[in-house]
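Index from 1, following the sequence. When a ligand or atom number is given, it counts from 1 through the structure's own listing order.
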Amino acid sequence: MKLSYLWRGLPGHPLHPPFTDAVIGTYTVATVLALLDVLSIVDQNAAKGWWLALLVGLVVTVPTALTGFVEWLVITWGTPLWRTATAHMVSMLSATTFFLLAALLGHDGHVDGDVTAGPFVLTLIGFGLLTLGGWLGGTVVFVYGMRVLNLRNEPAMRASMPAPAREKELADKG
Ligand code: HEM
């Protein structure tokens, strides 16, 4: 049992991806609600939901970025994988900055139940950067295979189990 399992997760079950699901889902909800408000499909409530979703997204971004950062630290510097993961990091941190600005500048609009032009554009830019970052994160995992074990013939029960008992076997892959 390695101590790093606490911040990196188990072999085959890294910690970063589940956090990313929550963050991407929350910012997506925020963007859709902003759009519903701006298109006047839903009034007031959509603006309130947009701002709250931004706030939840920003909070969940903290553990997401931290778990991503500890993964990034173990990559060999200067390699193509490192360059891709670094571009992913820059894109996600930039997206976070835009969402933060949208939440700060959009607070009054949230109180009045209205998503104003500036915070709306900031939300859209944040979502664009989030999409780019997600693409690059997917490249790190699904093209380079980072944290992927790819044990095609592993029996289903064994594959679903936490893996510490087999850590020596999986050390090079996890
Ligand atoms: C809002 C913040 C972030 C989001 C939404 C995010 C999203 C993602 C996504 C979607 C993946 C692909 C894995 C999957 O499909 O689940 C990924 C992988 C990865 N990300 Fe992030 N990321 C964020 C922040 C960061 C930061 C700040 C770093 C580095 C400092 C980072 C480093 C990595 C690494 C190394 C991987 C590949 C290994 C792994 O999945 O554990 N991420 N990220």
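- In this structure, the protein non-hydrogen atom closest to atom 19 (C) of ligand 1 is His16 CD2, 3.3 Å.
- Proximity of a side-chain donor or acceptor of Thr76 to a complementary backbone N or O of Thr79 within less than 3.5 Å is not detected.
- Comparing Gly68, Pro17, Gly138 against atom 14 (C) of ligand 1, the shortest heavy-atom distance belongs to Pro17.
- The only member of Leu33, Leu35, Leu36 that meets side-chain contact (heavy atoms from CB on, under 4.5 Å) when paired with Trp50 is Leu33.
- The local environment of CZ in Phe120 is crowded, with over 12 non-hydrogen atoms from other residues, nucleotides or ligands closer than 6.0 Å.
- The distance criterion of under 3.5 Å between nitrogen or oxygen atoms is not met by Thr61 with respect to ligand 1.
- The residue from Glu71, Met92, Met89, His88 that puts a heavy atom closest to atom 42 (N) of ligand 1 is His88.
- Polar contact with ligand 1: absent for Thr96 (N/O pair, distance under 3.5 Å).
- Ring geometry, His16 versus His88: the interplanar angle exceeds 60°, so the pair is classed perpendicular (tilted spans 30 to 60°).
- Under a 3.5 Å cut-off, the side chain of Arg147 and the backbone N or O of Arg8 do form a donor-acceptor pair.
- The shortest contact between atom 37 (C) of ligand 1 and any protein heavy atom is with Val140 CG1, 3.2 Å.
- Looking at every heavy atom in both residues, Asp37 comes nearest to Ala47 through OD1-CB, 3.7 Å.
- Heavy-atom contacts of Phe69 reach the following atoms of ligand 1: 28 (C), 29 (C), 30 (C) (cutoff under 4.0 Å).
- The protein heavy-atom contact nearest to atom 15 (O) of ligand 1 is Phe142 CE1, 3.9 Å.
- Using a 4.0 Å cut-off to heavy atoms of Thr64, the atoms of ligand 1 that qualify are 2 (C), 3 (C), 4 (C).
- The Trp72 neighbourhood of ligand 1 comprises atoms 29 (C), 30 (C), 35 (C), with distances under 4.0 Å to a heavy atom of that residue.
- Looking only at protein heavy atoms, the nearest one to atom 7 (C) of ligand 1 is Thr20 CG2, 3.2 Å.
- Between Tyr27 and Phe127, a ring centre-to-centre spacing not shorter than 6.0 Å is recorded.
- No donor-acceptor pair closer than 3.5 Å links the side chain of Ser91 to the backbone N or O of Ala87.
- In terms of protein heavy-atom proximity, atom 40 (O) of ligand 1 is closest to Val141 CG2, 3.5 Å.
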